[in-house]
Amino acid sequence: MRFSRFLQPEISQFTFKGESFIRIGSYKKSLNDHPERERAIWNKQDNYVFEKAIAMEYVNEDEVLKLIDYTGYFELIDFRLPDNRKGIIDRLLQDKIIFKNGAYYDITNLGALLFAKDMEKFETLSRRAVRVVFYDGSNRIKTIREQVGKKGYAVGFEGLIKYFSDNLPSNEIIDAALRRQVTVYPILALRELIANSIIHQDFSITGSSPMIEVFNNRIEITNPGKPLIDPLRFVDHSPESRNEILAKFMRRLNICEERGSGIDKVVFECEFNQLPAHEVIVGDNYTRIIMYGPKKLRQMDKADKVRACYLHACLKYVSGDIMTNQSLRERFGIEERNYSIASRIISDGIASELIKDYDADNKSKKYAKYVPYWV
């Protein structure tokens, strides 16, 4: 069985002391002396689609069925498992999980990433598996346990979510005279954030993968690459993905929400469960979203309160409503007689230029209305 070269250009390119070179056969040539080669290289890069690239080439039917979890695939697309091998292969070809290559087949990155029985079998994708780490305390000094996903993103997703349901801290509540355990962190919000980290990762960054780190006071979900839109606009902006084929397929499998509705649900779940607002941190080559554990209002700093105020205003606006002092009090659990506390948070939000008055002529802080800065 042979592995592909990850669709690398036929002519390799590299840079030394600011000058670009290419390797033609066993010779190194200056790229400036071969403009036609340079155009070819750039055309390859511009047309490159990661999901369509080949993860493994020249495999026979038996190997395809050993490498791809085809039963999980048919369950997820809600399609009856064909009675014969030809029907299975034809369907995998139809969804571009595999390509025909003479008498053999090539497995695409899309097929391997979503439906691999074992991602370690795919040399170029083995470092893309989701990694989960539980820490003892609020720092990374002591690890309790670590797990790296084995299955493809789609066939392993529900197992990943169940793993969190079983291992996250929970509270016991009584509902209709029945006792039940509810996780401290809303699973619906975690589900959406984990799916987003998978979909929006930058596959051009090598040696990195989506990572979920669980501390005693927060959960950090990190994916390679910077977001394509301003994180402040995640709630209202239609999401843009580098990997639209992957995103479309995962929406088709109901693993993630339809366009533009996922982060809304994260904000709603945090508010409904009286959790601090999530935070987005953008680094040089990564995006990290932090979900914080329960905090009382007096434990939140100014940044926590302003961030929650802004996201509350966003959620209200995209839901066809407007934020008020009353709605913010309800979000934080502030009693009506303490409306001035909410007013101070709103004033800080205005000073931070994240929200603004909806009706500037209304002088009553208690009954004024506010909208996000981008309205």
Side-chain angles (χ1 to χ4, degrees), residues 127-150 153 156-173 179-198 200-201 205 207-227 231 234 263 265-311 331-333:
R127 296 292 300 274
R128 300 294 179 183
V130 178
R131 182 181 166 205
V132 181
V133 185
F134 281 78
Y135 297 103
D136 182 11
S138 59
N139 55 49
R140 295 178 174 85
I141 295 175
K142 184 178 180 181
T143 300
I144 299 175
R145 58 182 170 275
E146 180 176 350
Q147 181 165 317
V148 179
K150 181 177 180 180
Y153 296 147
F157 193 78
E158 292 304 328
L160 176 62
I161 298 303
K162 186 178 186 305
Y163 179 73
F164 278 106
S165 298
D166 294 342
N167 289 281
L168 287 176
S170 61
N171 293 324
E172 186 178 67
I173 66 171
R179 294 180 183 272
R180 61 189 178 96
Q181 295 292 122
V182 177
T183 58
V184 170
Y185 298 94
I187 292 299
L188 184 61
L190 275 175
R191 181 187 184 94
E192 183 62 29
L193 292 176
I194 293 170
N196 280 349
S197 72
I198 291 171
H200 297 297
Q201 63 182 300
I205 299 175
S208 186
S209 66
M211 183 165 67
I212 307 157
E213 298 174 286
V214 183
F215 302 86
N216 66 355
N217 61 349
R218 69 193 187 280
I219 296 177
E220 298 188 2
I221 302 171
T222 307
N223 65 266
K226 294 183 177 182
F234 279 2
I263 296 298
K265 286 183 169 57
V266 173
V267 178
F268 173 81
E269 287 294 320
C270 287
E271 293 195 357
F272 183 79
N273 291 275
Q274 291 288 291
L275 293 175
H278 74 274
E279 182 177 8
V280 181
I281 298 174
V282 178
D284 290 337
N285 60 357
Y286 68 87
T287 302
R288 177 172 297 146
I289 296 187
I290 304 175
M291 283 192 69
Y292 291 99
K295 283 184 185 180
K296 296 184 182 298
L297 184 61
R298 65 176 178 271
Q299 296 173 312
M300 297 184 191
D301 60 21
K302 181 178 176 180
D304 289 334
K305 297 171 185 176
V306 169
R307 187 174 65 253
C309 176
Y310 168 69
L311 289 173
R331 191 269 179 257
F332 283 117

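Keep in mind it's a predicted model, so treat the numbers as computed, not measured.
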Undergrad: For a 4.5 angstrom cut-off between non-hydrogen side-chain atoms, does His200 reach Pro227?
TA: no

Undergrad: Measure the CG-CD1 distance between Leu190 and Ile161 for me, rounded to the nearest 0.5 Å.
TA: 7.0 Å

Undergrad: Hey, could you give me the CG/CZ distance between Leu311 and Arg307, rounded to the nearest 0.5 Å?
TA: 7.5 Å

Undergrad: Between atom CG of Leu188 and atom CZ of Phe272, what is the distance when rounded to the nearest 0.5 Å?
TA: 11.5 Å

Undergrad: Could you tell me if the side chain of Tyr153 sits less than 4.5 Å from the side chain of Arg128, heavy atoms only?
TA: yes

Undergrad: Could you check whether any side-chain heavy atom of Val214 comes within less than 4.5 Å of a side-chain heavy atom of Ile144, counting everything from C-beta outward?
TA: no

Undergrad: Please walk me through it: do Phe157 and Ile194 pass side chain to side chain contact (heavy atoms under 4.5 Å, CB included)?
TA: CA-CA 9 Å; Phe157 193 78; Ile194 293 170; 3.9 Å; yes

Undergrad: Compare every heavy atom of Ala129 with every heavy atom of Gly149, then report the nearest pair and how far apart it is.
TA: O-CB, 3.1 Å

Undergrad: Inspect the surroundings of NZ in Lys295 and state if more than 12 heavy atoms from other residues, nucleotides or ligands are less than 6.0 Å away.
TA: yes

Undergrad: Using only atom types and a distance under 3.5 Å, with no angle test, would you say the side chain of Gln201 pairs donor to acceptor with the backbone of Ile198?
TA: yes

Undergrad: Rounded to the nearest 0.5 Å, what's the gap from CG on Leu168 to OH on Tyr163? Could you check?
TA: 9.5 Å

Undergrad: Looking at CG of Asn223 and CD1 of Ile289, how far apart are the two atoms once the value is rounded to the nearest 0.5 Å?
TA: 7.5 Å

Undergrad: Do Val132 and Phe164 have side-chain heavy atoms sitting under 4.5 Å apart?
TA: yes

Undergrad: Kindly indicate whether the side chain of Arg191, heavy atoms from C-beta on, has any atom under 4.5 Å from the side chain of Glu158.
TA: yes

Undergrad: Indicate the atoms forming the closest heavy-atom contact of Gly225 with Thr287, along with that distance.
TA: O-OG1, 2.7 Å

Undergrad: Does the pair Ile205 and Tyr286 meet the rule for a side chain to side chain contact (heavy atoms under 4.5 Å, CB included), with working shown?
TA: CA-CA 9 Å; Ile205 299 175; Tyr286 68 87; over 6 Å; no

Undergrad: Judged by atom type as modelled, is there a donor-acceptor pair below 3.5 Å linking the side chain of Arg131 to the main-chain atoms of Met211?
TA: no

Undergrad: What are the two closest non-hydrogen atoms of Lys226 and Gly283, and how far apart are they?
TA: CE-O, 3.0 Å

Undergrad: What heavy-atom pair brings Tyr185 and Asn217 nearest, and what distance separates the two atoms?
TA: OH-C, 3.4 Å

Undergrad: Give a yes or no on this: more than 12 heavy atoms of other residues, nucleotides or ligands lie within 6.0 Å of atom CZ of Arg145.
TA: yes

Undergrad: Taking side chain to side chain donor-acceptor pair (under 3.5 Å) as the criterion, tell me which of Glu279, Arg218, His278 meets it with Tyr292.
TA: Glu279

Undergrad: Can you label the angle between the Phe215 ring and the Tyr135 ring as parallel, tilted or perpendicular, going by 30° and 60°?
TA: parallel

Undergrad: Would a distance-only check, ignoring hydrogens and angles, find a side-chain to backbone donor-acceptor pair under 3.5 Å from Gln274 to Arg331?
TA: yes

Undergrad: Would you give the length of the straight line joining atom CD of Gln147 to atom CD1 of Ile212, rounded to the nearest 0.5 angstrom?
TA: 10.5 Å

Undergrad: Taking the side chain as every heavy atom from C-beta outward, state whether Phe234 and Val266 have any pair of such atoms under 4.5 Å apart.
TA: no

Undergrad: Check Glu269 against Ala189 and note the closest heavy-atom contact, atom names and distance.
TA: CB-CB, 4.0 Å

Undergrad: Please give me the minimum heavy-atom distance between Gly293 and Leu275, naming the atom from each residue.
TA: C-CD2, 3.9 Å

